[in-house]
Amino acid sequence: MYEANYSEVTQFVFLGLATYRPVQNFLLAFSTVFYVTIVLGNLLVVFTVTFDPYLHSPMYFLLANLSFIDLCLSTLTVPKMISDLHSGHKTISFQGCVIQIFVLHVLGGSEMVLLVAMALDRYVAICKPLHYLTIMSSQMCILLLSGAWAIGLIHSVAQLAFVVHLPFCGPNEIDSFYCDLPWFIKLACTDTYRMEFMVTANSGFISMGTFILLLISYIFILVTVWKRSSGGLSKAFSTLSAHITVVILFFGPCIFVYVWPFPTVSVDKFLAILDFMITPILNPIIYTLRNKDMKMAMKRLHSEVLNLRMIS
Ligand SMILES: *[C@@H]1O[C@H](CO)[C@@H](O)[C@H](O)[C@H]1NC(C)=O
């Protein structure tokens, strides 16, 4: 009998998004510009909501938290990708890979629950406006937020507990630019069928479940608005359609990667760009920069900063 040598694989090699140098240079420029925009845009949202007293309402607190998670999600993968593209040195240690998977699932799980919380917030605001302040109290906000983080954490721990002891002895190339379960599991030298099922059951279920829940709540809100007045429908629809777009862009790749964890074509790594570079940019634009109150708050903040500079 062979006793597998578990410690043989100490690092993984990313194959990255492209091997052709000009394409790599394009990706390098593209992801650098996007990452800087993501950091500035989301920090702007967090600071504006934190420092403007007029924005201390449940909706904006949830938004700021969403921006914070988006920022972390990008930071988890994009800077490493940029530095790999820059240096051509595309390795990650075994521990680094496991940590990346763990944090990725904590953040991803929390973001999904947070999106549901935000839909709930819009539902109460639009369908039960008179009870908005009593239902969406600050306790409720904190409850939703801690719920989101707790679910993300439990989801991630539950998944990693299965895979952290898998034996790795053979190939160590990951056909992507970051570590995630489908690729990680594929490299283990053991029968991965049960692991595949476990990923589908856990990550797949969470992504599909929250996606369907979100679609149902948006349809519910639209129907309620439509019943009340046909004039309000177009306004509600224009707001909600932006939310629905982001939701589809965010959940599409997740569902593709986790519900069919072992696809035959490797488009999943390109789809991941949507989650790490596109939705983190769209969220601040759609939820906040198009929002009148938010724009006013930014103007106020800007003039306060100017005043401070004049005083000092
Ligand atoms: C998240 O929301 C809580 C309250 O609901 C708020 O106190 C906190 O500042 C928010 N976090 C960020 C990063 O804005």
Side-chain angles (χ1 to χ4, degrees), residues 34-79 102-129 131-156 210 213-214 217 239 242-243 246-247 250 275-302 304-305:
F34 269 60
Y35 184 64
V36 171
T37 315
I38 289 167
V39 172
L40 294 179
N42 287 295
L43 280 182
L44 183 66
V45 172
V46 171
F47 279 116
T48 311
V49 172
T50 309
F51 291 112
D52 193 286
Y54 294 97
L55 296 184
H56 286 180
S57 76
M59 185 177 92
Y60 291 107
F61 277 138
L62 295 176
L63 274 173
N65 280 273
L66 180 73
S67 272
F68 175 71
I69 295 184
D70 272 343
L71 183 59
C72 295
L73 259 183
S74 283
T75 304
L76 185 66
T77 52
V78 181
F102 175 73
V103 178
L104 181 67
H105 282 268
V106 174
L107 293 172
S110 310
E111 170 145 357
M112 288 181 182
V113 180
L114 188 57
L115 286 170
V116 173
M118 290 171 66
L120 178 75
D121 171 77
R122 287 302 83 204
Y123 167 75
V124 177
I126 292 174
C127 304
K128 306 215 179 309
H131 301 111
Y132 183 70
L133 287 179
T134 39
I135 298 177
M136 292 302 293
S137 58
S138 60
Q139 288 97 313
M140 185 61 161
C141 259
I142 290 168
L143 188 72
L144 289 171
L145 277 173
S146 20
W149 285 105
I151 290 175
L153 196 64
I154 293 168
H155 151 75
S156 192
T210 37
L213 198 62
L214 281 170
S217 31
T239 316
H243 291 208
V246 172
V247 162
F250 182 78
D275 279 340
F276 298 123
M277 286 195 249
I278 307 298
T279 47
I281 280 197
L282 286 180
N283 279 342
I285 295 176
I286 285 181
Y287 289 95
T288 39
L289 299 182
R290 293 192 349 171
N291 177 313
K292 224 188 294 154
D293 296 332
M294 197 74 187
K295 280 187 203 151
M296 299 266 285
M298 282 174 192
K299 279 199 193 117
R300 278 196 296 270
L301 207 65
H302 182 70
E304 269 167 38
V305 171

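Note that ligands are numbered from 1 as they come in the structure, with each ligand's atoms numbered from 1 the same way. Just so it is clear, the values below take in all heavy atoms, side chains as well, and ignore hydrogens, waters and symmetry mates.
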Is there a side chain to side chain contact (heavy atoms under 4.5 Å, CB included) between Phe61 and Met136 once you walk through the steps? CA-CA 11 Å; Phe61 277 138; Met136 292 302 293; over 6 Å; no
Could you go through Asn65 and Ile69, starting from their C-alpha distance and side-chain angles, then the distance that decides it, and tell me whether this counts as side chain to side chain contact (heavy atoms under 4.5 Å, CB included)? CA-CA 6 Å; Asn65 280 273; Ile69 295 184; 5.6 Å; no
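- With His56 contributing its side chain and Val49 its backbone, the two residues share a donor-acceptor pair below 3.5 Å.
- Between the side chain of Asp52 and the backbone N or O of Thr48 there is no donor-acceptor pair closer than 3.5 Å.
- Contact detail for Phe276 and Ser74: the closest heavy-atom pair is O-OG, 2.6 Å.
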Tabulation required: pairs of a nitrogen or oxygen in ligand 1 and a protein nitrogen or oxygen under 3.5 Å; columns are atom names and distance to 0.1 Å; otherwise 'none'.
unit_1   : atom_1 : unit_2 : atom_2 : d
ligand 1 : 2 (O)  : Asn65  : ND2    : 2.3
ligand 1 : 11 (N) : Asn65  : OD1    : 3.2
ligand 1 : 11 (N) : Asn65  : ND2    : 3.2

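- Between the side chain of Ser156 and the main chain of Leu153, no donor-acceptor pair closer than 3.5 Å is present.
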